[in-house]
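Residue numbering restarts at 1 for every chain, and letters A, B, ... go by the order of the sequence lines.
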2 protein chains.
Amino acid sequence: MADRPLNIDLLRRSPFFAAAGEAAMARLLRPSFTQQLPRGAVLFEQHEMPNFLHLLLAGSVGLQARDEAGTETTVEIFGAGELFLAPAAILGLPYLVSGAALTDVRVLMIPADLFREGIAADPALSRAAIELLSRHWRLMVDQVVDLKLRSSERRVARFLARRVPEEAGAGVAALPEPRTAIAARLGMTPETLSRALNALEAQGAIRMSSREAHILDRARLLQGRAR
Amino acid sequence: MADRPLNIDLLRRSPFFAAAGEAAMARLLRPSFTQQLPRGAVLFEQHEMPNFLHLLLAGSVGLQARDEAGTETTVEIFGAGELFLAPAAILGLPYLVSGAALTDVRVLMIPADLFREGIAADPALSRAAIELLSRHWRLMVDQVVDLKLRSSERRVARFLARRVPEEAGAGVAALPEPRTAIAARLGMTPETLSRALNALEAQGAIRMSSREAHILDRARLLQGRAR
DNA sequence: AAAGTGCCTTGATCCAGATCAACGAACGGC
DNA sequence: GCCGTTCGTTGATCTGGATCAAGGCACTTT
């Protein structure tokens, strides 16, 4: 079933399987297998037909979209525990975006057809899918609002804050993925991202080291220099 | 059941009920009623708990979000035939956005609890919800890509093109909603929208009159001045 | 250890689109 | 039919962030 023992607990805690329940989880897991992929690997390509659902066990994956001119952005970055059936998998439509490993990753591959059958048959599973989709819709709405009405510095601040437990006043946000991808996810250039991080550091809200940000004061970080 | 005869055919053709099937439709319609609201009316308010699902029968509704500072944007504009269960209704969570009538509207009000029960019980209905959510997720992804990598003029062009049948070379795009709302939906100021429309007219791709745009050459409109 | 090779930051300049400020046109109220 | 009010356009200016162009570093590769 897997080419290496897989962390059942992580799965159980993932928002999706928590909603789907043990039974559905067991059923989906039986024919699934895990895969280890290096940074840069492409999990699926825009316009392809989906054969698998991907549940991320470790690492980060970026959903990337290319426009007609060939320029690319990162639409969203997902971390461990997330299932992204870029709804394609459910609907049986071609992927709207590509999925690329932004770090080395370990993914659970769930056969898409099996999943589609499961959804039709098992109300708990379809309920879980509905919740997942709703959550993902909200993520995108949040991002649209962010892009439309917040400055790049604010977007960076919020991005960092989201990487640390909700109620913590301080903490460490890991940033294992390349700056380019983070910048794209935030709708800015790497240069602007770099400058925004500097500014936040100058304000005393964070302290940067190469692949992580120490958040010194979450509240201050979020409210900005509006002192 | 309704305070005025309602166009069953429009409902049947709406993407949601088309997927849900006649039976589910009939069941949901029985306790529902329609409402006629003037431009500016608020269908639901951000942070409120959802009591109804809204199926738009006529007019346009804008999903608006306010940030902490109080500035407002339009996240999406929906037209006749659309059902927007700003997923809140499904999940039983407070609305993430407000819904405002951008024109005079006629809406079918479907009790949310009834809908939630229906989803749990009827596979066809939950299937329809999944499809709706997937479609709406894709709309938002599209918009994020638009905002991240296209200029305001391109966004306007695409917005107009989407308001005319896919395969038509020419046609009329109605723009009944206030310019301010359209501009916000497109992530720009009314001034910029106005100038973009002028530019597209100068390129000979469209001809504007106050509340509609005549699209003279859809292909040209979409490709831009890259002549 | 030297020489690549990515990846990130820093600095200088530029520009699309925001902002500010009138101005005009459509519309409902009386 | 006039008047205030709301909504859209136009023009002038300003600016956040993009773009362009070098540098640092931290890695592998030899």
Engineer: Taking the ring of B/F52 and the ring of B/F33, is the distance between their centroids below 6.0 Å?
Structural biologist: yes
Engineer: Show me the donor-acceptor pairs within less than 3.5 Å that the side chains of residues 171-187 of chain A make with the rest of the protein, sequence neighbours left out.
Structural biologist:
{"residue": "A/E177", "atom": "OE1", "partner": "A/S60", "partner atom": "OG", "Å": "2.7"}
{"residue": "A/E177", "atom": "OE1", "partner": "A/R163", "partner atom": "NH2", "Å": "3.3"}
{"residue": "A/E177", "atom": "OE2", "partner": "A/R163", "partner atom": "NH1", "Å": "2.8"}
{"residue": "A/R179", "atom": "NH1", "partner": "A/S210", "partner atom": "O", "Å": "3.4"}
{"residue": "A/R179", "atom": "NH2", "partner": "A/S210", "partner atom": "O", "Å": "3.1"}
{"residue": "A/R185", "atom": "NH1", "partner": "A/E76", "partner atom": "OE1", "Å": "3.2"}

Engineer: Could I get the full list of side-chain hydrogen bond (donor to acceptor under 3.5 Å, both in side chains) partners for A/R138, not counting sequence neighbours?
Structural biologist: none
Engineer: Can a side-chain donor-acceptor contact be found between A/E131 and A/H136 if the only test is distance below 3.5 angstrom?
Structural biologist: no
Engineer: Does the pair B/R158/B/E153 count as a salt bridge with the N-to-O cut at 4.0 Å?
Structural biologist: no
Engineer: Tell me yes or no: between the side chains of A/K148 and A/Q143, is some donor less than 3.5 Å from an acceptor?
Structural biologist: no
Engineer: May I have the distance from B/K148 (atom NZ) to C/dG17 (atom P), rounded to whole angstrom?
Structural biologist: 17 Å
Engineer: Kindly calculate the angle separating the two end axes of the helix from C/dA1-D/dT30 to C/dC30-D/dG1, each obtained from five base pairs, and round it to 10 degrees.
Structural biologist: 40°
Engineer: Check whether the side chains of A/Q64 and A/T74 place a donor and an acceptor atom closer than 3.5 Å, and report yes or no.
Structural biologist: yes
Engineer: Which residues pass the ring pair (Phe, Tyr, Trp, His ring centres under 6.0 Å) test with B/F44, sequence neighbours left out?
Structural biologist: B/H54, B/Y95
Engineer: Would you call B/R66 and B/E45 a salt bridge, taking side-chain N to carboxylate O under 4.0 Å as the test?
Structural biologist: yes
Engineer: Across nucleotides 5-18 of chain D, 5' to 3', mark each nucleotide with B, S or - according to how protein heavy atoms within less than 4.0 Å reach it.
Structural biologist: ---SSBBB----SS
Engineer: Tabulated below should be each protein N or O lying under 3.5 Å from an N or O of nucleotides 22-25 of chain D; please produce it.
Structural biologist:
none

Engineer: Would you confirm whether A/R154, through its side chain, and A/L222, through its main-chain N or O, come within 3.5 Å as a donor-acceptor pair?
Structural biologist: yes
Engineer: Rounded to the nearest Å, what distance is computed from the CG atom of residue B/D104 to the P atom of nucleotide C/dC27?
Structural biologist: 13 Å
